[in-house]
Amino acid sequence: MAYENIRSDFSNGITTITINRPSKLNALNKATIEELHHALDDANQSKETKVIIVTGSGEKAFVAGADISEFADFNVEEGGRLAAKGQELLFDFVENLSTPVIAAVNGFALGGGLELAMACHFRLASSNAKMGLPEVSLGVIPGYGGTQRLPQLVGKGRAMEMVMTAGMIDANQALNYGLVNHVVETDELLPLAEKIASKIMRNSSVAIAEAISAVNANYKDGVDGYQTEIEAFGNCFGTEDFKEGTTAFLEKRKADFPGR
Ligand code: COA
């Protein structure tokens, strides 16, 4: 599929998806959300892609939010549908992918931009990054999971303050809050993401997929995460990766995982 609003580049086991509407600070319009869904789905299904990196084009923004011009005249039903569709196509979707997804936050990550970064499995930021959920300054609330994922990541009190003030925090404060795992200079951001990706790729992709679903189970209503973990743990024993990983350890060599 030819994309108009994003780029998807594959190299050395990594698919890097770049949101590419720099003149609108990479704001997420409907078409961009659909393209992201398609590109993420493709990368997740590809046997070659071991890690996905999501970033924004240019040095100014990761994503400056949902595209305000698209929903400014929506009514109650349309507003509800916008949030539900977005969560289904992108935010819940990315969180539940079996391939690890790293957000490389390279500038403003506001509203839907921060919500996208938070739906990724973990986040790195460049030192110029600014993050916030400014929705209440527009008379609306975060609708792409922000009210749920922000307190999970930074704690309820900090999340409440960020949501109520609609303010932005800088990269170091985001690091201090645990919202991002690492902060580096802009030109080091993608190299760091790729370095972490290469560490991930040395491990069993089927075990990683089981681990993602077990960790996510902790945040799902009505799901017993411990039980999910027990089942996921058991599943690993039926994989070729498990045989290879344990055999390689006993033979004192590096494992060469087939990813099955
Ligand atoms: N939706 C639609 N367009 C957006 C956008 C968004 N969320 N964020 C930025 N843009 C557009 C601007 O309208 C402008 O387009 P134009 O040149 O056609 O007028 C362009 O991107 C550049 O933005 P601009 O505001 O001129 O840049 P700035 O450096 O002065 O300010 C921000 C940067 C991020 C502080 C400012 O763009 C902003 O506050 N954006 C909205 C953030 C927000 O509320 N997001 C949550 C949405 S629910």
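The model shown is predicted, which means the values in this text are computed figures rather than measured ones. For ligands, and for the atoms within them, numbers begin at 1 and follow the listed sequence. As a basis for the values below, the full set of heavy atoms in this structure was taken, side chains included, without hydrogen atoms, waters or symmetry mates.
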Would you verify that at least one protein heavy atom lies under 4.0 Å from [atom], or report that none does?
atom	result
atom 38 (C) of ligand 1	no
atom 34 (C) of ligand 1	yes
atom 43 (C) of ligand 1	yes
atom 25 (O) of ligand 1	no
atom 29 (O) of ligand 1	yes
atom 10 (N) of ligand 1	yes
atom 21 (O) of ligand 1	yes

Among protein heavy atoms, which lies nearest [atom], and at what distance?
atom	answer
atom 36 (C) of ligand 1	Leu25 CD1, 4.6 Å
atom 5 (C) of ligand 1	Ala27 CB, 4.0 Å
atom 4 (C) of ligand 1	Lys24 O, 4.0 Å

Is the closest side-chain donor-acceptor distance between [X] and [Y] under 3.5 Å?
X	Y	answer
Asn235	Glu231	no
Thr99	Asn44	yes
Ser126	Asn128	yes
Asp241	Thr239	no
Lys220	Asn96	yes
Thr32	Asn29	yes
Glu185	Ser127	yes

Are the charged groups of Asp67 and Lys30 less than 4.0 angstrom apart, N to O? no

When you check the gap from the basic side-chain N to the acidic O, do Lys254 and Glu244 get nearer than 4.0 Å? no

Give a yes/no on ligand 1: does [X] have at least one heavy atom closer than 4.0 angstrom to it?
X	value
Gly112	no
Ser23	yes
Lys60	yes

Could you tell me whether the side chain of Cys120 reaches within less than 4.5 Å of the side chain of Ile102, counting heavy atoms only? no

Within the structure provided, determine whether Asn216 and Glu95 are in side-chain contact (heavy-atom separation under 4.5 Å). yes

For atom 8 (N) of ligand 1, which candidate among Ala64, Ala109, Gly143, Ala72 provides the closest heavy atom? Ala64

Pick, from Asn26, Ile68, Val136, the option with the minimum heavy-atom distance to atom 1 (N) of ligand 1. Ile68

Check each heavy atom of Pro134 against ligand 1 and say whether those closer than 4.0 Å belong to the side chain, the backbone, both or neither. side chain

Honestly, for Val140 the part within reach of ligand 1 (heavy atoms, under 4.0 Å) is neither

Between Phe91 and Tyr144, how do the two ring planes meet: parallel, tilted or perpendicular, split at 30° and 60°? parallel

With respect to Ala66, determine whether any N or O atom, backbone or side chain, lies less than 3.5 Å from an N or O atom of ligand 1. yes

What atoms of ligand 1 come closer than 4.0 angstrom to any heavy atom of [X]?
X	value
Leu138	44 (O), 47 (C), 48 (S)
Asp67	1 (N), 2 (C)
Leu110	34 (C), 42 (C)

Test Phe62 against every option in Leu110, Leu114, Val105 by the side-chain contact (heavy atoms from CB on, under 4.5 Å) rule and name the one that passes. Val105

